[in-house]
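So the structure is just underneath, and the comments pick up after that.
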Amino acid sequence: MRIIADTDVCVGAGQCVLTDPETFDQSEEDGTVIVLAEHPADERKAREAVHICPSQALSIEE
Amino acid sequence: MTTVSTLPITRSCPYAPPDEHVRLREEAPISRVTLPSGGEVWALARHEHIRTMLADPRFSSDRANPGFPLLLFSQRRVTNFRASLISMDPPEHGPARRAVVGEFTVKRMAALRPRIQQIVDEHLDAMLAGPKPADLVQALSLPVPSLVICELLGVPYADHEFFQTRSSTLLRRTTPGDERVAAVDELRSYLDALITRKEQEPGDDLLSRQLERTTAREELVSLAFLLLIAGHETTANMISLGTVALLEHPEALAAIREDPAKTPSAVEELLRYFTIAEFATSRVATEDIELGGVLIRKGEGVIALGNTANRDPEAFEQPDDLDVERGARHHIAFGFGAHQCLGQNLARMELQIVFDTLFRKVPGLRLAKPSAELPFKDDANIYGLYELPVTW
């Protein structure tokens, strides 16, 4: 499983960081997503983060 | 297709969505409803449909679009300013939001924790030193988020009565049109003068930093206006409602008292359970769009019944139970899509600190009158309580 983030679509809500801080971070400057781990340690948490991303900037490649 | 009575409909129980909306969710989840202003719009009642709609950029947030559902006639008269974030669409919205969202990241909000804790402690100490019963709205619910948003923006808290009264005037549905227009004008003039002062003497605050980014005065006034209003009534009402709900659900309160690590989950559940900004998520279709087997035509307005959707059994098991351990992260109390609440992580932090501190510092806290007699805000666009008499 690999996480793909589209920073052009991201609106910086921070839901991914709140859900799975080991996989995601936010840019200090504009709040957009930074993927810390392309292959997340906790797949369940990462999937939840993808599911609740409000702008659907995150996707999963199996 | 069903046409129902006018929106908004009053709740029969203060802790549940209106019966009529629940019926819609079961029988006609995408239906035509009549607004108080006379126009007909689509109402969406199911969680899945609302998420799909709010994530689809073909549904516009432009409040100047004649098809945009405004609950009141008089709202139309105050939309002639330069748009704030909530009224923008792509490609304008993305860059405008990114210019300010860095101020609200999870990390930046976490850095505010000690200051918020201090504010909460001071207000609770003052309440405990004062007479019983006390009104929790005035003692805690309103001043905490108000002080925090003022410090963040760089708005003098000394002026709080001025903008708090105008904020509640704007959010009350019964406010006559002229008063609504006056409240907007007064607030905008106030913020315009404040920004002029910051141009001369910048401080370490959000508005001063935004001044370095843009000289577009109307845009900055609109942003300040939005953040000030949004930072007031929302968290304040969640503090009051959450306190009542926890007092009335001793098992939920016991769970977070025994293990404060459960408070963040309890806060998500309370946000879902009340969904106080029910009508904030309106849109207008910019082309013909099929949603859930229904054709919504270009120019037609859509209202998301978020409160009802957050009780959708398809999305949450036993949705009418307050279950602080359910992990309700996919609720839409902060909306969904590109416009999802900018201040949501600030709100979460304030609520967590308030509930943890309130029930630790005041272990004997109880309602000073039966909950059935509390003045719930049935006439406001942000649900909540006008007063919350408590004793200890």
Side-chain angles (χ1 to χ4, degrees), chain A, chain B residues 47-48 50-57 61 85-86 88-91 93-111 209 213 264-265 267-268 271-272 281 315 327-349 352:
Chain A
M1 161 182 184
R2 190 168 81 94
I3 297 285
I4 299 161
D6 184 345
T7 47
D8 287 340
V9 173
C10 176
V11 294
Q15 297 308 283
C16 52
V17 186
L18 211 57
T19 311
D20 186 358
E22 285 173 26
T23 305
F24 303 98
D25 198 357
Q26 271 173 295
S27 144
E28 298 260 336
E29 204 156 288
D30 63 6
T32 52
V33 61
I34 296 168
V35 179
L36 299 172
E38 272 199 346
H39 303 282
D42 187 334
E43 294 199 352
R44 191 193 54 83
K45 265 194 191 174
R47 269 179 219 284
E48 188 185 355
V50 171
H51 177 63
I52 65 174
C53 171
S55 59
Q56 304 184 322
L58 299 175
S59 51
I60 291 172
E61 194 184 81
E62 297 291 350
Chain B
H47 189 267
E48 184 199 337
I50 291 176
R51 269 179 54 118
T52 303
M53 186 277 283
L54 291 175
D56 187 336
S61 293
L85 279 177
I86 56 164
M88 287 180 190
D89 288 326
H93 176 258
R97 174 153 170 146
R98 274 194 283 274
V100 68
V101 78
E103 299 273 352
F104 292 91
T105 60
V106 172
K107 263 191 213 157
R108 268 194 111 124
M109 295 304 102
R209 285 188 287 275
R213 180 185 67 83
S265 168
V267 165
E268 296 305 323
L271 288 163
R272 177 194 76 86
T281 41
R329 287 297 313 284
H330 58 299
H331 66 74
I332 50 170
F334 289 120
F336 194 70
H339 289 277
Q340 196 181 50
C341 177
L342 188 67
Q344 59 182 299
N345 295 314
L346 177 59
R348 286 189 167 98
M349 175 136 313
Q352 289 167 19

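Chain letters run A, B, ... following the sequence lines, proteins first and then strands; every chain starts at 1.
Below 4.5 Å, heavy atoms of chain B meet heavy atoms from A:T7, A:D8, all part of residues 1-9 of chain A. Of all residues in residues 16-24 of chain A, those placing a non-hydrogen atom less than 4.5 angstrom from a non-hydrogen atom of chain B are A:V17, A:L18, A:T19. Within residues 30-46 of chain A, the residues having any heavy atom less than 4.5 Å from a heavy atom of chain B are, in residue-number order, A:D30, A:G31, A:T32.
The minimum heavy-atom distance linking A:P54 with B:A55 is given by the pair O-CB, 4.5 Å. Shown here for B:R51 and A:I52, the closest heavy-atom pair between the two residues is NH1-CA, 4.2 Å.
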Throw together a table of side-chain donor-acceptor distances under 3.5 angstrom for residues 340-349 of chain B, partners on residues two or more places apart or in other chains.
from: B:Q340; atom 1: OE1; to: B:Q344; atom 2: NE2; distance (Å): 3.0
from: B:Q340; atom 1: NE2; to: B:G335; atom 2: O; distance (Å): 3.2
from: B:Q344; atom 1: OE1; to: A:Q15; atom 2: NE2; distance (Å): 2.8
from: B:Q344; atom 1: OE1; to: B:R348; atom 2: NH1; distance (Å): 3.0
from: B:Q344; atom 1: NE2; to: B:C341; atom 2: O; distance (Å): 3.1
from: B:N345; atom 1: OD1; to: B:R348; atom 2: NH1; distance (Å): 3.1
from: B:N345; atom 1: ND2; to: A:A13; atom 2: O; distance (Å): 2.9
from: B:R348; atom 1: NE; to: B:E268; atom 2: OE2; distance (Å): 2.5
from: B:R348; atom 1: NH2; to: A:Q15; atom 2: OE1; distance (Å): 3.3
from: B:R348; atom 1: NH2; to: B:E268; atom 2: OE1; distance (Å): 3.3

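Remark: side-chain polar atoms of A:Q26 are paired, donor with acceptor, to backbone N or O of B:V106 under 3.5 angstrom. Between the side chain of B:R98 and the main chain of A:C10, a donor-acceptor pair closer than 3.5 Å is present.
For B:R97, the part sitting under 4.5 Å from any heavy atom of chain A is the side chain, from C-beta outward, and nothing else.
Taking CD from A:Q56 and OG1 from B:T52, the interatomic distance works out to 8.0 Å, rounded to the nearest 0.5 Å. To the nearest 0.5 angstrom, A:S55 atom OG is 8.0 Å from B:F336 atom CZ.
Counting heavy-atom pairs under 4.5 Å between each of B:G337, B:G94, B:P57 and chain A puts B:G337 at the top.
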